[in-house]
Protein chains: 2
Amino acid sequence: MTRPPRGREDEVGELRGAMQRTGRAAEKAQLRGDERSSTTALVSRGDARERLIRATIDLSWTSSYGAVSVDAICERAQVRKGSFYHFFASKDDLVVAALDAHWETRRPVLDELFSASRPPLQRLARYFAHISERQAEIRGQYGRVLGCFHNTIGSECVQRPPAVAAKAQEISLALRRYLETALRDAQAAGALPPGDPVAAAKSLSAFVQGALAQARVHDDLELLRQLPRTGWLALGLAGPPQQST
Amino acid sequence: MTRPPRGREDEVGELRGAMQRTGRAAEKAQLRGDERSSTTALVSRGDARERLIRATIDLSWTSSYGAVSVDAICERAQVRKGSFYHFFASKDDLVVAALDAHWETRRPVLDELFSASRPPLQRLARYFAHISERQAEIRGQYGRVLGCFHNTIGSECVQRPPAVAAKAQEISLALRRYLETALRDAQAAGALPPGDPVAAAKSLSAFVQGALAQARVHDDLELLRQLPRTGWLALGLAGPPQQST
DNA sequence: CTCGAACTTGACTAAACGGTCATCTCCGAC
DNA sequence: GTCGGAGATGACCGTTTAGTCAAGTTCGAG
């Protein structure tokens with residue numbers, strides 16, 4: 001009765017488990033004892049907060065931070081304005097939480113792709129393939145290629161809401177660290193000539209992020225499909241490695 | 001008297017000559033005979049229009065399309081709101097004109113850098129060096145690295161104002177064509193192994209644009225300084241070419 | 001000098017914006 | 001059963017937004 005049964009979204013990844021109050025709720029919740037003994041259910045029954053974050057990701061990824069209003073987010077999430085400000089202190093707070101939540105859904109995927117149990121260059125190979133497949137999926141669900149969420153937001157918000165800018169930077173660095181580790185391991189294994197893995201990761205990251213950005217602007221998957229072949233170029237390799245182990 | 005002597009901007013490039021009513025003025029100007037015999041001075045004495053475009057570039061490049069209001073642009077340009085809508089039909093119109101005007105200032109620079117009178121790979125070498133130097137200049141003038149104007153706007157506006165999205169796409173393609181031509185010439189000259197120059201240009205463009213985007217997000221010039229060395233990787237070359245002619 | 005068109009101006013609007021708040025409902029703990 | 005706090009609600013506020021407009025001013029052409 002109170003809630004009209006309008007829910008029919010839930011488009012992309014599993015968000016549910018990944019959100020453990022990352023964005024820390026509104027001021028009230030902070031000022032008082034939010035770190036209470038947790039005998040009470042830590043994961044609340046209602047999922048309004050999750051729906052808000054889901055809506056924020058969907059809307060600001062498909063358009064932009066600036067083009068999405070709190071009202072639009074609330075409408076999509078089927079949450080009233082007042083409830084919104086119960087969970088988040090401001091729009092900036094929401095977007096930071098959305099960036100966090102989205103990153104938390106990506107992390108386990110990256111952990112698997114970059115598992116140390118695989119040969120380092122194979123990690124990259126699977127990463128390239130994954131990006132291409134994932135953006136194809138996204139295009140199917142959202143109707144167009146969207147590229148990288150945190151980088152899109154980050155490029156838009158370099159200056160204006162400092163908290164958002166900082167969060168986007170942080171995530172961008174965290175992502176780069178996966179590449180860095182793989183490259184270092186590759187050098188140690190002799191699969192890659194010695195050199196500065198940090199610089200190489202920057203270079204590779206620029207290539208991948210550039211491909212994603214171009215794919216977004218032109219709604220073109222072609223570049224990403226080529227990634228498993230061309231991605232190696234940024235490392236000075238002519239093509240994908242052939243060794244197995 | 002009528003105009004308080006507040007002008008003291010004029011920060012980056014020469015915009016003056018490059019703006020020949022690219023953005024086509026407001027509806028009134030379109031509906032009536034704007035294509036009149038041009039015996040009257042085509043370039044008007046007042047530079048309000050140019051100041052508006054200059055302000056738009058500065059403000060939306062340093063922050064974003066969505067974060068800049070018409071009021072802010074007018075204030076910076078020292079132009080009243082009414083005058084604004086005399087020259088432009090809408091905010092979108094302004095931004096499209098700004099993208100156009102900015103591109104017009106870049107074009108002669110690119111024409112020189114990619115002059116057919118130089119060996120093709122040397123064109124690229126000079127392009128890489130130019131990007132690095134230019135962004136360093138921009139950082140000096142604007143206080144931070146800004147990356148690529150049309151790509152920043154384009155990534156933000158992929159969806160929302162269709163005219164802006166289309167213009168950004170168009171410019172992005174135009175830029176890529178410079179690379180394409182150079183790569184084709186390089187292959188013809190035997191300086192590069194044969195292959196699809198369109199795909200190679202996409203690849204190289206992704207790398208360069210990615211480096212610029214990363215430089216913007218992290219306010220970091222390092223990646224761009226490395227461009228003259230690492231740019232070649234995206235083409236499968238280990239380093240800058242040594243030949244002269 | 002006169003005329004018309006380019007240009008300028010500031011006051012104006014309606015809508016949208018982010019954010020607030022008193023009040024109510026629900027539900028587990030005691 | 002009752003108590004307290006998390007959650008939910010819709011009316012509300014002041015500001016800012018893009019865009020309008022009637023009434024000017026400026027100025028070159030005839």
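These numbers come from a predicted model, not from an experiment. Letters A, B, ... are given to chains in the order of the sequence lines, protein chains preceding strands, and every chain is numbered from 1.
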Trainee: Has the side chain of Lys81(A) got a donor or acceptor that lies under 3.5 Å from a partner of the other kind on the base of dG10(D)?
Mentor: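 Check fails, no donor-acceptor contact within cut-off.
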Trainee: Figure out the CZ/P separation between Phe88(A) and dA8(D), and round it to whole Å.
Mentor: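 Between P of dA8(D) and CZ of Phe88(A): 12 Å.
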Trainee: According to a strict under-4.0 Å criterion, is His86(B) in side-chain N/O contact with OP1 or OP2 of dC7(C)?
Mentor: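 Indeed, a polar side-chain atom of His86(B) lies that close.
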Trainee: Given dT8(C), dC17(C), dG19(D), identify the nucleotide with an atom nearest to the side chain of Lys91(B).
Mentor: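 So the side chain of Lys91(B) is nearest to dG19(D).
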Trainee: Hey, does the side chain of Tyr85(A) come within less than 4.0 Å of dG19(C)'s phosphate (OP1/OP2), counting only N and O?
Mentor: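 Yes, such a contact exists.
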Trainee: Whole Å only: how far is the CZ atom of Arg51(B) from the C1' atom of dT8(C)?
Mentor: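 Checked: the CZ to C1' distance equals 11 Å.
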Trainee: How far apart are the C-alpha atoms of Asp111(A) and Arg107(A), what are their side-chain angles, what is the distance that settles it, and do they pass the salt bridge (charged side-chain N to carboxylate O under 4.0 Å, His left out) test?
Mentor: CA-CA 6 Å; Asp111(A) 284 340; Arg107(A) 187 137 62 172; 5.5 Å; no
Trainee: If we only count heavy atoms from C-beta on, is the Val79(A) to Phe87(A) side-chain gap below 4.5 Å?
Mentor: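 They are not in side-chain contact.
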Trainee: Ignoring backbone atoms, establish whether Ser83(A) has a side-chain N or O less than 4.0 Å from OP1 or OP2 of dG7(D).
Mentor: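 Ser83(A) to dG7(D) OP1/OP2: no side-chain N or O under 4.0 Å.
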Trainee: Please determine whether a side-chain nitrogen or oxygen atom of Ser69(B) lies at a distance below 4.0 Å from atom OP1 or OP2 of dT17(D).
Mentor: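 Result: yes.
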Trainee: Checking Arg225(B) against Glu222(B) for the salt bridge (charged side-chain N to carboxylate O under 4.0 Å, His left out) test, could you report, in this order, the C-alpha distance in whole Å, the side-chain angles of both residues, the deciding distance, and whether it holds?
Mentor: CA-CA 5 Å; Arg225(B) 287 203 207 94; Glu222(B) 192 53 30; 2.7 Å; yes
Trainee: Kindly compute the distance separating CD (Glu156(A)) from OG (Ser64(B)), expressed to the nearest 0.5 Å.
Mentor: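 Answer rounded to 0.5 Å: 4.5 Å.
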Trainee: Under 3.5 Å, is there a donor-acceptor pair between the Gln141(B) and Glu137(B) side chains?
Mentor: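 No, because no side-chain N or O of Gln141(B) sits under 3.5 Å from a partner of the opposite role on Glu137(B).
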Trainee: Quick one: is Arg80(A) getting a side-chain N or O under 4.0 Å of the dG10(D) phosphate, OP1 or OP2?
Mentor: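 Yes.
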Trainee: Measure the distance from CZ on Phe84(A) to P on dT20(C) and round it to the nearest whole Å.
Mentor: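 Distance, rounded to whole Å: 11 Å.
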Trainee: From C-beta outward on Ser90(B), which listed nucleotide comes closest to its side chain: dG19(D), dG18(C), dT17(D)?
Mentor: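 When the side chain of Ser90(B) is considered, dG19(D) is the closest of dG19(D), dG18(C), dT17(D).
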Trainee: To the nearest Å, how far apart are Ile73(A) CD1 and dA16(C) C1'?
Mentor: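 Checked: the CD1 to C1' distance equals 14 Å.
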Trainee: Rounding to an integer number of Å, can you tell me how far Phe87(A) CZ sits from dT20(C) P?
Mentor: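 In whole Å, dT20(C) P and Phe87(A) CZ are 16 Å from each other.
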Trainee: Figure out the CG/P separation between Asp92(B) and dT17(D), and round it to whole Å.
Mentor: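 To the nearest whole Å, that distance equals 16 Å.
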